[in-house]
A.B. asks: 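Here it is, the structure in full.
Below, read A as the first sequence line, B as the second, and so on, with proteins coming before strands; counting in each chain starts at 1. Everything numeric here is computed off the predicted structure, so don't read it as measured data.
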Number of protein chains: 2
Amino acid sequence: MTAHKPSTRDTILDAAETVVGRDGARRLTIDAVAAEACVSKGGVLYHFPNKIALLKGMVERMMADVSQDFANCEAAAHAAGEPPLVHVFNAMFDRHDARKALSMALLAASAEHPDLLDPARDFLSSTFQRLSDDTPDPIGARLLLLAMDGLKLSALLGFDTIPENQLTQIRDRLVRLTHELYQ
Amino acid sequence: MTAHKPSTRDTILDAAETVVGRDGARRLTIDAVAAEACVSKGGVLYHFPNKIALLKGMVERMMADVSQDFANCEAAAHAAGEPPLVHVFNAMFDRHDARKALSMALLAASAEHPDLLDPARDFLSSTFQRLSDDTPDPIGARLLLLAMDGLKLSALLGFDTIPENQLTQIRDRLVRLTHELYQ
DNA sequence: TTGACTGTACCGTCTGGACGGTTTATGTGC
DNA sequence: GCACATAAACCGTCCAGACGGTACAGTCAA
């Protein structure tokens, strides 16, 4: 069991995401984050010298996580001799809730200073371009990736109201269409 | 020529969207809106007694506009004997920029008080449900609607980095697949 | 001893909102 | 046609509280 407790830094970032998701990006104050993380205000400022640094930390951790996820998916797909996109989509559905919290960094950064999203924009743009280009039908792949975006970004605003049974059908269809891309 | 100048109320709502899009939801202050609308702070507070009312106004106007757009699309589709979804998708691509500004209401409301989005959530949820159910292949329709969501919500965060030529190809494909839903 | 904090006090600025005053449009009686 | 009344639309200022950030002395485990 290497379930060692998360670092204070990560606890603070988790708390920030919780605050944004629950109270809105406007209430993401250093005081609120400190209270949510059960850390003093000084403690937060020890790890992140100012609020911009905190937001940068949120975006950077999100990108690192997403990057890792994609890498895992591509490795698993390669090992299984399957299309990478299938693994990407399945991973999204399997860890739907986890991703929802993660992306709160996007809302927070866009609210405070939209420029903070520049690195994320570049990273996601090139990643999605590559994912779709590595496919016999890039436009079809793009369309499916856009549908995935729709699901994730809807969840970001709480617009994820599709009933569970429809969601599994959508998942099945998405995976089926992904396989068809490669034929 | 009935191009009468917009009401002060609408000017204020336009200004609010401009501020959110340019500076982020965090900078949506009554002062900033007043300056952007070339109105005094008192003038803003005359039309919207407090900030919550301003945000409600933004969300309500957005819903009214979207509702009107959908109604127009369905009417035009009915008149032309075409699938409604085709008109919905074409309208989205044709007025891409207009819609981008409109949806800033979503960002602003989610930042300040996420509950303000409840009516929008209900409205969009039922509208999309109906649009897809009125189709021989509801799951396929949902997938295409999700792709549209992906495009619109990406634009909301400035994540609309797909090159123009790919975008037109995506549009063509989306319309083609929509027609296929009805076969 | 050092790094990782806690706790408190404080400062300057920003923000929402209340409030009183002023201009403009619309009648209304004569 | 005109003085007057009334209300709607709008302006400018003020204030309490919230917020970001600083400073600094103290705690405590490794």
A.B. asks: Would you tell me whether B/Asn165 and B/Gln169 have side-chain atoms, one donor and one acceptor, within less than 3.5 Å of each other?
C.D. replies: no
A.B. asks: Between B/Tyr46 and D/dA9, is there a side-chain N or O to OP1/OP2 distance below 4.0 Å?
C.D. replies: yes
A.B. asks: Give the nucleotide from the list C/dC5, C/dA4, D/dC19 with an atom nearest to the side chain of A/Thr8.
C.D. replies: C/dC5
A.B. asks: For D/dA8 and B/His47 - does any side-chain N or O of the residue sit under 4.0 Å from the phosphate oxygens OP1/OP2?
C.D. replies: no
A.B. asks: Output the rounded distance in Å from CZ (A/Arg27) to P (D/dC19).
C.D. replies: 8 Å
A.B. asks: Expressed in angstrom and rounded to an integer, what is the separation of A/Lys51 atom NZ from D/dC19 atom P?
C.D. replies: 9 Å
A.B. asks: Does B/Lys41 make a side-chain donor-acceptor contact with the base of C/dG16, cut-off 3.5 Å?
C.D. replies: yes
A.B. asks: Given atom NE2 of A/His113 and atom P of D/dG20, what is their separation to the nearest angstrom?
C.D. replies: 16 Å
A.B. asks: Measure CG/A/Leu45 against P/D/dC24 and give the value in whole Å, please.
C.D. replies: 16 Å
A.B. asks: In whole Å, what is the span from the CD1 atom of A/Ile30 to the P atom of C/dC14?
C.D. replies: 16 Å
A.B. asks: Atom CZ of B/Arg9 and atom P of D/dA8: how far apart are they, to the nearest Å?
C.D. replies: 16 Å
A.B. asks: Determine the contact category for B/Val39: base if any of its heavy atoms lies under 4.0 Å from a base atom, sugar-phosphate if only primed atoms, P, OP1 or OP2 are that close, otherwise nothing.
C.D. replies: sugar-phosphate
A.B. asks: What distance do A/Leu28 atom CG and A/Met104 atom CE have between them, rounded to the nearest 0.5 Å?
C.D. replies: 11.5 Å
A.B. asks: What's the verdict on salt bridge (charged side-chain N to carboxylate O under 4.0 Å, His left out) for A/Glu112 and A/Lys56, showing C-alpha distance, side-chain angles and the deciding distance?
C.D. replies: CA-CA 11 Å; A/Glu112 186 78 24; A/Lys56 270 189 189 162; over 6 Å; no
A.B. asks: Could you tell me how far apart A/Arg26 (CZ) and D/dC19 (C1') are, to the nearest whole angstrom?
C.D. replies: 10 Å
A.B. asks: Can you measure B/Phe48 atom CZ to D/dA8 atom C1' for me and round it to whole angstrom units?
C.D. replies: 16 Å
A.B. asks: Is a salt bridge present between B/Asp137 and B/Arg142, judged by a nitrogen-to-oxygen distance below 4.0 Å?
C.D. replies: no
